[in-house]
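Data first, discussion second: the structure below is written as structure tokens.
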Amino acid sequence: MQRVLVTGGAGFIGANFVDHLVVHTDLQVTVLDALTYAGHREAVDGFPSDRVAFVHGDITDAEVVDREVAEADAVVHFAAESHNDNSLHDPRPFLDTNVIGTYTLIEAARRHGTRFHHVSTDEVYGDLELDDPARFTEQTPYNPSSPYSSTKAASDLLVRAWVRSFGLQATLSNCSNNYGPWQHIEKFIPRQITNLLDGRRPRLYGEGKNVRDWIHVDDHNSAVLAVLQRGRIGETYLIGADGERSNKQVVEQLLTTMGRPRDDYDLVADRPGHDLRYAIDATKLRTELGWTPRYDFDSGLAATVEWYRRHEDWWRPVKEATEARYAKSGQ
Ligand code: NAD
Ligand code: DAU
């Protein structure tokens, strides 16, 4: 394997993945990204030009996709519409990118016999009760709740069908909630960090009791690389780092880290259909591929706060518009 096509490489996880490839491998990388509101040219501009090329294009554009897939030995597919709240207001782009975009890519990968890795989410499994001792495994039945997660579930099923029907050389991974540098400030952790840096109060949906299983983006990406290099074709690997916390716990930790009283937050309108809890059992990934996470949540979160403090130039221009959108839903 010499050349990897990374779709969505100008987004949060994709840009960190490209960084991971530049540092930890000798692979040549091409980023294919449409630069939607969630894509940032500056996130990929800093890479050495002899290692990383950038192609501005849409994964639903069959011509561009065919040309780029033909040039690559492997595709790692991150590109997606990724935000649940947006999917509740305007589902159509989620169908276009997550379903048709994935279909366009796997058809090209099939034509060219290209190795394909599909990046997906634990949300395809629905949610768990707060007191349920169970966690998601590769055997958990699909039961997505939102327009976002149902389009990701659809894309997973397309990839699995292409493996079985056409012999596509694909693997899949389903990861829990990521945090770290370059995450859009519409998402929970960067929204609260930038609120606090701005002197505003954090905003918790409902009662703040919902639980997410947090993983640092670099740990997600080291797992994706392990699956790309050593995963078995046709297999799914769940990625998680035992990071379960309620949203209220995360906000209280941010308030403490940033020197504010622990109860200095607002409870706001809940998300419709809000999944209660996600939790990942990553035994297969750990035992079969020998993967372990490197970050602990406390130091990873503190480093993330510092990153947003140092990168105000990047998030400041979109802060007002992001908050104005939330205000319309009472959030
Ligand atoms: P993101 O929204 O930050 O980035 C998405 C990227 O895809 C952007 O650069 C955007 O410009 C690009 N894109 C969108 N539509 C496109 C199109 N039609 N053609 C080409 N490029 C397009 O998303 P993220 O949080 O980095 O998530 C990346 C992937 O990881 C997604 O597939 C998501 O489902 C999955 N995932 C995310 C998380 C998480 O916590 N963020 C967890 C598990 C899995
Ligand atoms: O589980 C993986 C998924 O994690 C990924 O597939 C998605 O792409 C990613 O966006 C994320 O989805 P969530 O919906 O869990 O993430 P979000 O950051 O939107 O919200 C995290 C939790 O925080 C959720 O319970 C909703 C809540 N929340 C969110 C925001 C933006 C708040 O309480 N307040 C907020 O302001």
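Indexing begins at 1, ligand by ligand and atom by atom, following the structure's order. Hydrogens, waters and symmetry mates play no part in the numbers below; they use all other heavy atoms, side chains included.
Taking only nitrogen or oxygen atoms, main chain and side chain alike, Tyr278 does not reach within less than 3.5 Å of ligand 2. Among the atoms of Asn210, none of the N or O lies under 3.5 angstrom from an N or O of ligand 2. In terms of polar-atom proximity, defined here as any N/O pair under 3.5 Å, Asp58 does make such a contact with ligand 1. Where the criterion is an N or O separation shorter than 3.5 Å, residue side chain and backbone included, Trp214 fails it with respect to ligand 2. Ligand 1 has a nitrogen or oxygen under 3.5 angstrom from a nitrogen or oxygen of Asn178. Polar contact with ligand 2: present for Tyr205 (N/O pair, distance under 3.5 Å). Polar contact with ligand 1: present for Thr36 (N/O pair, distance under 3.5 Å). The shortest N or O to N or O distance between Lys152 and ligand 1 is below 3.5 Å. Any N or O atom pair closer than 3.5 Å counts here, and Asn177 shares no such pair with ligand 1. Ligand 1 has no nitrogen or oxygen under 3.5 angstrom from a nitrogen or oxygen of Cys175. In terms of polar-atom proximity, Ser82 is counted as a contact of ligand 1, with an N or O under 3.5 Å from an N or O of the ligand. Residue Ala79 has no nitrogen or oxygen atom sitting less than 3.5 Å from a nitrogen or oxygen atom of ligand 1, judged on distance alone. Considering backbone and side-chain atoms alike, Ser82 places an N or O below 3.5 Å from some N or O of ligand 2. For ligand 1, none of its N or O atoms has an N or O atom of His40 under 3.5 Å away. Taking distance alone, with nitrogen or oxygen atoms compared against 3.5 Å, Ile59 approaches ligand 1 more closely than that limit.
Using a 4.0 Å cut-off between a side-chain N of Lys or Arg and a carboxylate O of Asp or Glu, Arg203 and Asp266 qualify as a salt bridge. Salt bridge present: Asp66 and Arg111 bring a charged side-chain N and a carboxylate O closer than 4.0 Å.
The backbone of Ser120, and not its side chain, has at least one atom closer than 4.0 Å to an atom of ligand 1 (non-hydrogen atoms only; backbone = N, CA, C, O). Of all the heavy atoms of Tyr148, the ones lying under 4.0 Å from any atom of ligand 1 belong exclusively to the side chain. Counting heavy atoms closer than 4.0 Å to ligand 1, residue Asp96 contributes nothing at all.
The closest heavy-atom contact to atom 14 (O) of ligand 2, among the options His83, Glu323, Arg277, Arg271, comes from Arg271. Comparing heavy-atom distances from atom 14 (C) of ligand 1 across Ala34, Ala80, Gly8 singles out Ala80 as nearest. Compare Ala10, Pro93, Gly11 by their heavy atoms: the one nearest to atom 4 (O) of ligand 1 is in Gly11. Across Ile215, Asp122, Asn86, Asn178, heavy-atom proximity to atom 1 (O) of ligand 2 is greatest for Asp122. Between atom 20 (O) of ligand 2 and the options Phe12, Phe188, Tyr265, the minimum heavy-atom separation is to Phe188. The closest heavy-atom contact to atom 25 (O) of ligand 2, among the options Lys209, Glu123, Gln331, His274, comes from His274.
Thr322 is not listed as a side-chain neighbour of Arg191, based on a closest heavy-atom distance of 4.5 Å or more.
A donor-acceptor contact shorter than 3.5 Å is absent between the side chain of Glu138 and the backbone of Tyr237.
Remark: minimum distance from atom 26 (O) of ligand 1 to any protein heavy atom is reached at Ile13 N, 2.8 Å. Of all protein heavy atoms, the one closest to atom 11 (C) of ligand 2 is Asn177 ND2, 3.4 Å. With respect to atom 34 (N) of ligand 2, the closest heavy atom belonging to the protein is Arg203 O, 2.8 Å.
Every atom of ligand 2 is numbered from 1 in the order shown, and the set under 4.0 Å from a heavy atom of Arg191 is 35 (C), 36 (O).
Leu88 belongs to no hydrophobic cluster with other residues, because no ILVMFWY side-chain heavy atom falls under 4.5 Å from its own, directly or through intermediates. Hydrophobic cluster membership for Phe94: Tyr148 (Ile, Leu, Val, Met, Phe, Trp, Tyr linked by side-chain heavy atoms under 4.5 Å, directly or transitively).
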### Task
Evaluate the criterion salt bridge (Lys or Arg N to Asp or Glu O under 4.0 Å) for residue pair Arg277 and Asp127; output intermediate values, then yes/no.
CA-CA 5 Å; Arg277 170 174 162 245; Asp127 60 355; over 6 Å; no
